[in-house]
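Here's the structure we're looking at; comments come further down.
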Amino acid sequence: MGTREIKSPEGGLVTPASLDGNPDSNHRKKLGLYFIESDDRRTAFGRGYTGGTTPVNIHGKPIADLSKTGGWIAAFFIFGNEMAERMAYFGLSVNMVAFMFYVMHRPFSSSSNAVNNFLGISQASSVLGGFLADAYLGRYRTIAIFTTIYLVGLTGITLCATMDILAPKQDHCDQLALLLGECEPAKPWQMMYLYTVLYITGFGAAGIRPCVSSFGADQFDERSKDYKSHLDRFFNFFYLSVTIGAIVAFTAVVYIQIKLGWGFAFGSLALAMGISNLVFFIGTPLYRHRLPGGSPLTRVAQVLVAAYRKRNAPFSSSELIGLYEVPGKQSAIKGSGKIAHTNDFRCLDKAALQLKEDGVDPSPWRLCTVTQVEEVKILWKLIPIPACTIMLSVVLTEYLTLSVQQAYTLNTHMGQLKLPVTCMPVFPGLSIFLILSLYYSTFVPLSRRITGHPHGASQLQRVGIGLAVSILSVAWAAIFERYRRKYAIEHGYEGSFLSAMSDLSAFWLLIQYCLIGIAEVFCIVGLLEFLYEEAPDAMKSIGSAYAAIAGGLGCFAASILNSIIKSVTGSSEKPSWLSQNINTGRFDYFYWLLTVLSVINFCVFLYCAHRYKYRTEQGFKMEKQVLANIKEQPLSG
């Protein structure tokens, strides 16, 4: 098979673990040493964790002159695609609830749940796009295919808004008739058509989302001394493009809808997506690519099966040859560098135990390389961090619908200018834009003095800051909603939830909006950078998909939570907390529930972040241990 066995040294090594009388601990450290000493140490440590892959052109050939490809110019072509995708995503999320209510004559509650499900599917199914990109298609082709699907879905939604046959009749359907539910409801086949094109759009978004950030990060040279700095700035600029897309959706698209109608509003989203696709394809000669490494799910399954088959094999068996790895600097996985052995999840190490009975050409379902085993360990260790951001996604999802209902009851005038209610979510985007603009000039220097970190804060620290600020946001939302509801009841607005109270400004909502915008900047940007850096070389898109999956699960969790609250708190005698009439409901109680859940989630995150060890930190500690033992007693055999 052309591979080199990793043999155990004669007599064993003296390590600090051997002094505590714990033979299991001693042997665990030796297992790691055998792997590390088996290959060039430059691959096992330092940039070897994210390096070891060669950029190629679109034809899969190595790029002779990297200076003519990649870098910031290529990244800006990718930013344009993400900006249009986010513009369409937020344009649909903020307008679709109103479209279903005013045009399709669906209740607010069912419209909100339908949009939440759309948001959830478009994010949770992102693992499919990540899988296809990492396994077979590569990130470029995956983006190309799914942006086309996205455009088809947006075109279908535009047709729904422009063709009378696809929507119910609007005759005799004024605001009172809407409130009383007397407008002609959409026919089942009309709703089926709308849901179909909506979910086609979500499916397209699912394929793009895990690939765009990773593909953009691929454009930078890992061997450059400025790589970390470029990567840090890339993810901030990437999220800035997301924010610009959202701002356009909440302002220009809403304005088009008011002035020209729903057809032009949704049509503008389709047009923007079409232009961005064209720009993305124009940049093709500039892009650097990574070769897909084969099915990551197959590799994960092989590790689990091999570990199960050898579950009873002891680490100290006389039949043990060592931990199996291929020779040389490159791993057996296309597009991936080698990964050093770690001591976590020892049960999985048994998949790499090379026994005499394995023979010279064992099945990959019986014997896996150390790198393959470490890939599975890394994927497993990453899960708790994005899982802790699900709660932030729940809050963001609730804000998209609940805060709009709040804004309908408030005065949205800014001087002589009256802002549409659906424009209100633009303010988190503006706060994000401001924070990202000041990030390097203000936040980084100040936080560097406190933390000593060269980038101001580590990736996990930024995620933690975001989660903490989100708690402040939702707590303020609860406080203000209690005041707003009391004011509405005292001034005779209890039965009129679509009438604005002229003396109570909607701009009190800006506090919760701006705080949640700040939370997004720190949490999501830090999470994207964390997942890209920590994910295995051949699973970068899968790693990025973790963030999207967490967002999707948050959308589904929001829908489930809404249904539970309506069921538990509502009855025939009293309205639920989430009553369609916000003035008789108790949105403030619901916001306090979200606050409590967010605090619990933050405590869980602190525990997970404290236990997590960055891959480079693990590598440096292991290298230090190896060098210390080499000085004491060299390895043999």
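Remember, it's a predicted structure, so these values are computed and weren't measured experimentally. Side-chain atoms are counted along with the backbone in the values below, which use heavy atoms only and exclude waters and symmetry mates.
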Would you say the side chain of [Y] lies within less than 4.5 Å of the side chain of [X], judging by non-hydrogen atoms?
X: Ser213; Y: Tyr532; result: no
X: Leu402; Y: Leu578; result: yes
X: Phe215; Y: Val212; result: no
X: Pro210; Y: Phe131; result: no
X: Asn601; Y: Ile390; result: no
X: Ile208; Y: Asn81; result: yes
X: Leu553; Y: Ser393; result: no
X: Val395; Y: Ser598; result: yes

> Can you check side chain to side chain contact (heavy atoms under 4.5 Å, CB included) on Val242 and Met83, steps first, answer last?
Replying inline: CA-CA 5 Å; Val242 171; Met83 193 184 303; over 6 Å; no
>> Check whether Tyr589 forms a cation-pi arrangement with Arg586 (NZ or CZ under 6.0 Å from the six-membered ring centre, at most 45° off the ring normal).
In response: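 Yes, cation above the ring, under 6.0 Å and within 45°.
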Quick check for you: to the nearest 0.5 Å, what is the distance between [X] atom [atom1] and [Y] atom [atom2]?
X: Ile247; Y: Leu240; atom1: CD1; atom2: CG; value: 8.0 Å
X: Leu128; Y: Thr142; atom1: CG; atom2: OG1; value: 9.0 Å
X: Ser576; Y: Phe590; atom1: OG; atom2: CZ; value: 10.0 Å
X: Trp262; Y: Tyr102; atom1: CH2; atom2: OH; value: 8.5 Å
X: Ser473; Y: Ile518; atom1: OG; atom2: CD1; value: 9.0 Å
X: Glu398; Y: Phe587; atom1: CD; atom2: CZ; value: 9.0 Å

Salt bridge or not between [X] and [Y]? Use side-chain N to carboxylate O under 4.0 Å.
X: Glu481; Y: Arg485; value: no
X: Glu529; Y: Arg462; value: yes
X: Arg209; Y: Glu85; value: yes

> In terms of the angle between their ring planes, are Phe238 and Phe79 parallel, tilted or perpendicular, with boundaries placed at 30° and 60°?
Replying inline: tilted
> Which residue, Tyr255, Tyr89, Phe90, forms the ring-ring contact (aromatic ring centres under 6.0 Å, His included) with Phe250?
Replying inline: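 It is Phe90; the other options fail the test.
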Should the heavy atoms of other residues, nucleotides or ligands under 6.0 Å from [atom1] of [X] be counted, would the total exceed 12?
X: Trp577; atom1: CH2; answer: yes
X: Phe264; atom1: CZ; answer: no
X: Tyr195; atom1: OH; answer: yes

Minimum heavy-atom distance [X]-[Y], with the two atoms named:
X: Gly80; Y: Ser276; value: O-CB, 3.7 Å
X: Gln257; Y: Ala265; value: CB-CB, 3.6 Å
X: Gly263; Y: Thr162; value: CA-CG2, 3.4 Å
X: Thr397; Y: Cys555; value: OG1-SG, 3.5 Å
X: Ala270; Y: Thr158; value: CB-OG1, 4.2 Å
X: Ala167; Y: Met104; value: CB-SD, 4.1 Å

Backbone N/O of [Y] and side chain of [X]: donor-acceptor pair under 3.5 Å:
X: Thr155; Y: Leu151; result: yes
X: Tyr546; Y: Leu379; result: yes
X: Ser470; Y: Leu467; result: yes

>> What verdict does the side-chain hydrogen bond (donor to acceptor under 3.5 Å, both in side chains) test give for Tyr513 and Ser403, after you've listed the backbone C-alpha separation in whole Å, the side-chain angles of each residue and the deciding distance to 0.1 Å?
In response: CA-CA 9 Å; Tyr513 277 142; Ser403 60; 2.8 Å; yes
> Using the benzene-type ring in the case of Trp, are the ring centres of Phe530 and Phe235 under 6.0 Å apart?
Replying inline: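 Between Phe235 and Phe530, which both carry aromatic rings, the centre distance is not below 6.0 Å.
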>> Centre-to-centre under 6.0 Å for Tyr591 and Phe480, is that the case here?
In response: no
>> Listing request: all salt bridge (Lys or Arg N to Asp or Glu O under 4.0 Å) pairs with a residue in residues 239-254, at least two apart in sequence or in separate chains.
In response: none
>> If only side-chain N and O atoms count, and only distance matters, is there a donor-acceptor pair under 3.5 Å linking Arg86 with Ser241?
In response: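 Short answer, no.
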> Is there a donor-acceptor contact under 3.5 Å linking the side chains of Tyr239 and Glu520?
Replying inline: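 Distance-only check passes for Tyr239 and Glu520.
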> Where do Ile143 and Ile78 land on the side chain to side chain contact (heavy atoms under 4.5 Å, CB included) test, with the steps shown first?
Replying inline: CA-CA 10 Å; Ile143 295 172; Ile78 298 168; 5.7 Å; no
> Yes or no on side chain to side chain contact (heavy atoms under 4.5 Å, CB included) for Leu154 and Leu92, after CA distance, side-chain angles and deciding distance?
Replying inline: CA-CA 9 Å; Leu154 288 174; Leu92 290 177; 3.9 Å; yes
>> For a ring-ring contact (aromatic ring centres under 6.0 Å, His included) check, start with the C-alpha distance between Tyr150 and Phe203, then their side-chain angles and the critical distance, and finish with the verdict.
In response: CA-CA 7 Å; Tyr150 205 136; Phe203 182 65; over 10 Å; no
> Under the side chain to side chain contact (heavy atoms under 4.5 Å, CB included) criterion, do Arg484 and Asn583 qualify, and how do the steps go?
Replying inline: CA-CA 9 Å; Arg484 188 211 62 78; Asn583 295 328; 2.8 Å; yes
> Quick one: which of Leu515, Leu594, Ile516, Leu392 gives a side chain to side chain contact (heavy atoms under 4.5 Å, CB included) with Val474?
Replying inline: Leu594
